[in-house]
Protein chains: 2
Amino acid sequence: MASLSNDQLLQEIKSCEDLLTDRIADNMETFGVSSTVGRLLGIIYMNREAMTLDSLADETGMSKTRMSQVMRQMISLNIAEKEYVKGSRKDHYNVERDYAQTFISLFTSNWAEVVKRNTSLERRLREQIRHLETCLTEDSSEDVKVRMERLQQELDEWNTYYNWINNLVAFFESGEIFNHVPIITPNKKEEEQNEE
Amino acid sequence: MASLSNDQLLQEIKSCEDLLTDRIADNMETFGVSSTVGRLLGIIYMNREAMTLDSLADETGMSKTRMSQVMRQMISLNIAEKEYVKGSRKDHYNVERDYAQTFISLFTSNWAEVVKRNTSLERRLREQIRHLETCLTEDSSEDVKVRMERLQQELDEWNTYYNWINNLVAFFESGEIFNHVPIITPNKKEEEQNEE
DNA sequence: AAATCTGTGCAATTTAAACTTTACAAAGTA
DNA sequence: TACTTTGTAAAGTTTAAATTGCACAGATTT
């Protein structure tokens, strides 16, 4: 009905995009990263080409230092990368454009780290238990033996669980997950649903 | 070699258990919840029976109010529940003892929430776009049309992604994940690997 | 060589999250 | 009815995380 001017329309479109970016930022917190990570992801994604720290600072109103910190974090999380741009001295950053891939990167970064930390703790505790066992005397109380046995059991369950997580990470990282939970595009203009 | 007294042994065992609890607390942060959630989970888990707010406060050295807050959160996350104890006025809380099930509960709580929030945003934006389309005039710039088209595309990808997440949640929640990433217990004293 | 630009280390500040204290309602007990 | 006990709401405090400002190194240009 009401016909809007070009500028008004652009304004409206921009505000829709901003809503999307805001939501990406929110959702990203589910991965345990600061919402600013999500915000930058959204901004660069919407921008459709690599951006510099200055342009990001501009867009967010935040300091360049913070942009630097966050982009570094994103690179370590495997959801962004520097892109060389001829003729420019500035670093240009781009982001993974495939949402599902981003999910997988964050998921696996997080859990691989957890598994790693865990494995070393387990090793340490196993040793400690082995040591304690040598300290048992025949007049050690029944209680102690039970607790010791239980602790062993805990560690076994613990180990089982983290092996599972480890396999889960591999299941995602290898892309096998897509064989069982496929990505379904509603309007299949393209046939190539599974490439990469 | 060195034979330790009962008390010393119990002490040592306790300190191993505490290390496990600490690690659970740490790891739980990967789910985006406070480490105190993980700490309580660990404490109740190790305790092997339901605990009251007072005993939790005692164990952690934190206030009872905080215990109440955290247990409520854990219940809403589906990883703890009140357990009726005859003859006691206090609420007793117990936790899910199956690690993998805990993982799934947290995973699905988090992502189901994200999907929900997203779905409503998507609906809102679709409407807005439909509205904006009616505002286009023949002298609207090419730029506007391109941006509009792009926004549509974003929403399509967006939709595809969240449908995927939604399916992923179902994949976990239904337990189908275990068919493809099984839980492997190292020493299979029991045969019943898949029940529930 | 001086001047500029770019990214980042580091300390300081702000903001948000975790946690505590106080107070009080609901339910139980004497 | 008055007195406890228990859980939690609300507001305040502390702690940790996010963010900034400054400073400076390395690389580039003049």
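Quantities reported herein were computed from a predicted structural model and do not represent experimental measurements. So that the names make sense, note that chain A is the first sequence line, chain B the second, and so on, each numbered from 1.
In the set C:dT29, D:dT19, C:dT20, D:dT19 carries the atom at the smallest distance from any side-chain atom of A:Q69.
Atom P of nucleotide C:dT20 and atom CG of B:L56 are separated by 13 Å, given to the nearest angstrom. Atom OH in B:Y84 sits about 14 Å away from atom P in D:dG7, given to the nearest Å. Between the P atom of C:dT14 and the CE atom of A:M62 lies a distance of 16 Å, rounded to the nearest Å. One interatomic measurement links the two molecules: NZ of A:K82 to P of C:dG7, which rounds to 8 Å at whole-angstrom precision. Put simply, NZ on A:K90 is 15 Å from C1' on C:dT8, counting in whole angstrom units. Distance B:R66 CZ to D:dA11 C1': 16 Å, rounded to the nearest Å. Straight-line distance from the CG atom of A:D54 to the P atom of C:dT8: 12 Å, rounded to whole Å. Across the protein-nucleic acid pair, B:R89 atom CZ and D:dG7 atom P stand 9 Å apart, rounded to whole Å.
Side-chain contact, B:Q69 with B:R72: no donor N or O sits under 3.5 Å from an acceptor N or O. For A:N163 and A:N159, the side-chain atoms include at least one donor-acceptor pair closer than 3.5 Å.
Using a 30° and 60° split on the angle between ring planes, B:Y161 and A:F103 fall in the perpendicular class, above 60°.
Between B:S35 and the phosphate of C:dA18, there is no side-chain N or O to OP1/OP2 separation shorter than 4.0 Å. Taking side-chain N and O atoms only, A:S68 has a distance below 4.0 Å to OP1 or OP2 of C:dT8. Listed pair B:S88 / D:dT6 fails the phosphate criterion, with no side-chain N or O lying under 4.0 Å from OP1 or OP2. Look at A:R72 and you'll find a side-chain N or O under 4.0 angstrom from OP1 or OP2 of C:dG9.
Residue B:T36 is in sugar-phosphate contact alone, with no base atom involved, counting any heavy-atom pair closer than 4.0 Å across all strands shown. Counting any heavy atom pair closer than 4.0 Å across all strands shown, B:T65 reaches a base atom.
Between the B:R39 side chain and the B:T21 main chain, no donor and acceptor come within less than 3.5 Å of each other.
In this structure, A:L53 and A:E29 both approach DNA chain C, and ranking their closest nucleotides by distance from the 5' end singles out A:L53.
B:E154 has a carboxylate O that lies under 4.0 Å from a charged side-chain N of A:R48, or vice versa, which qualifies the two as a salt bridge.
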